[in-house]
Amino acid sequence: NNRDRIINLFDKQLNSAVELFHYDDSFVKVLKMHDSEIIVNFPVKMDDGSTKIFKGYRIQHNNWLGPYKGGLRFDETVYLDEFKALAFWMTIKCAIHNLPFGGTKGGIKFTPSKYSEEEQKQIVQTYCSRVYKYVGPNVDIPAPDMGSTSRHMDWMTSKYQKKSSDNLTYSAFTGKTVSFRGSEGRDRATGLGVSYTIELWFEHILKQPLKGKTFIIQGFGNVGSWTARFLTDAGAKCVALGDYTGYYELTPAFYKPMVREGDANPFNAVLNYKTLACLETTYPGIHAVKQEDFWKIKADIIVPAAMELQIDRGVAESVHADCKLVAEGANGPLDSGADEVFHSRNIQVIPDVLCNSGGVIVSYFEWLQNRTNEYWPLARVEAKLKEMLSATFFKYMRTMRQQQQQQQQQHQDAVTGAGPQLSLPTAVTSRNIVYKMALDNLWNSYEIKK
Ligand code: GLU
């Protein structure tokens, strides 16, 4: 079941890095623990006058690097262990860039589209009141995630401001609308980051042009739709899309009208937050395929940008032999079996905590802007996002190279008898390396603070 699978997944990812790079036992023990698991139940009056009970979560994992940071997921399927995994990944995600934040995740067990605007407002504001004493600009800063929007953030911010009697406290939430002191570019930040890390990977690791490559994306919410748009701008071509409403192959007919109108990027149209089923009725050249066939479609790049545990061993084995790169737009989309298969098939993986970190990076920029009252234009936000992603990416490349050299040396020494007899070096994965980068930063502050 998914509950066990998701806990297993992050535990395995952490263990794998710990075994390779040897961290202090107590440090690892504390990292496996969540600081607080906050669960609240609350009543809300519905439009028809009836009362409904809702369940909300805020799971705070670790705050050695700074206030807890992480999104709010609104969906009727959410569960405690999912938040535990997502909160843990936020700690790692913030730590790889050394952002001044720890990791948390939360949400409400409800699907917003099933409620009226007014009901949604009441639900999220009541949640905000209930977790009020556990959040705040220096304590825990929520942001959007699956199912939650910038409007929801605005409503909760205004509730927070009323309760704190400080109506200037905008930095309690990020991902707000721009007119309510959100940051320019926060809407597209995750997708831009996904597409930019793919560009870096092609240029510096695969050493091939991204231009002309094909990609498929699972998930067409905020992350998937912006990624499709940016990858298309970079000269790559989307050949298939899938979401919870359906899986589709895009034929040349899909691109024809756009090219005729002089706009080669169909994703420039306002497709954000629309479902694919709705895209199918609007555009020609879209053919429905079965979900299991979707993953087999010939493409150079696969972007799972929906949710966790979407690709297991079997799916990973079925992926087309031409696939070169899997870019994790979602959090935890591959289970550990899939990770192993891609590794053995020599298909590279950009780990989620790096690949989709554009969102939290621009959240950090929003928090800074709110605190300094100095607002940045879009071009500055995008440039600074790319700067931070490249810095971390090049650090990743250096760390990977060092590890490979070190392992080769140890192996050589063992062969020539100059060093201890070691088993053959185990190849380190990209995920091992980003975990090492995060754990090294976390270790620094743990050691000083413990
Ligand atoms: N929910 C997003 C994530 O998973 C963004 C979190 C944030 O901006 O704080 O990374």
Side-chain angles (χ1 to χ4, degrees), residues 6 10 57-63 65-75 78 82-97 99-108 131 135-150 152-154 156-157 170-177 181-194 197 219 221-224 226-227 304-308 327-333 350-370 381 384-385 388-389 392 434 438:
I6 198 155
F10 78 78
Y57 300 81
R58 193 66 177 165
I59 308 304
Q60 298 168 331
H61 174 254
N62 181 286
N63 65 352
L65 297 185
Y68 300 105
K69 187 84 193 78
L72 290 174
R73 184 167 286 199
F74 295 162
D75 196 275
V78 297
E82 180 182 32
F83 289 126
K84 284 191 180 178
L86 293 165
F88 170 81
W89 285 321
M90 284 311 299
T91 300
I92 302 292
K93 202 182 290 187
C94 294
I96 55 172
H97 300 289
L99 295 179
F101 293 132
T104 178
K105 203 77 155 207
I108 308 172
V131 299
V135 300
N138 294 310
V139 185
D140 178 331
I141 306 124
D145 194 75
M146 252 177 65
S148 58
T149 64
S150 49
H152 293 137
M153 299 305 127
D154 293 353
M156 288 185 281
T157 307
Y170 285 94
S171 58
F173 287 79
T174 61
K176 303 177 292 291
T177 58
R181 304 231 182 272
S183 177
E184 290 287 351
R186 177 62 185 84
D187 52 355
R188 73 201 56 197
T190 311
L192 179 57
V194 172
T197 51
N222 173 280
V223 183
W226 282 103
T227 302
M307 61 184 300
E308 62 270 8
E328 295 186 314
N331 293 309
I350 312 182
D352 47 6
V353 287
L354 173 61
C355 190
N356 70 35
S357 60
V360 73
I361 292 174
V362 175
S363 272
Y364 166 54
F365 297 161
E366 182 171 329
W367 182 76
L368 283 179
Q369 292 172 75
N370 289 154
V381 172
K384 286 193 73 86
L385 168 61
M388 195 169 254
L389 283 170
T392 302
V434 294

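Atoms within each ligand, like the ligands themselves, are counted from 1 in listed order. Here the structure is a predicted model, which means the values were calculated and not measured. All values below come from the heavy atoms of this structure, side chains included, with hydrogens, waters and symmetry mates left out.
A side-chain hydrogen bond (donor to acceptor under 3.5 Å, both in side chains) with Glu366 is found for exactly one of Lys176, Arg186, Arg181, namely Lys176. Asn356 pairs with exactly one of Asn331, Thr197, Thr190 by the side-chain hydrogen bond (donor to acceptor under 3.5 Å, both in side chains) rule, that one being Asn331.
For Glu308 and Arg73, the salt-bridge test passes: some basic side-chain N is under 4.0 Å from an acidic carboxylate O.
Ligand 1 is surrounded by Lys69, Gly70, Gly71, Met90, Lys93, Lys105, Ala143, Pro144, Asp145, Arg186, Asn331, Gly359, Val360, Ser363, each with at least one heavy atom closer than 4.0 Å.
Under the 30°/60° scheme for interplanar angles, the aromatic rings of Phe88 and His61 are found to stand perpendicular.
In this structure, the ring pair (Phe, Tyr, Trp, His ring centres under 6.0 Å) partners of Phe101, at least two apart in sequence or on a different chain, are Tyr364, Trp367.
Heavy-atom minimum distance, Ala85 versus Ile6: CB-CG1, 3.5 Å.
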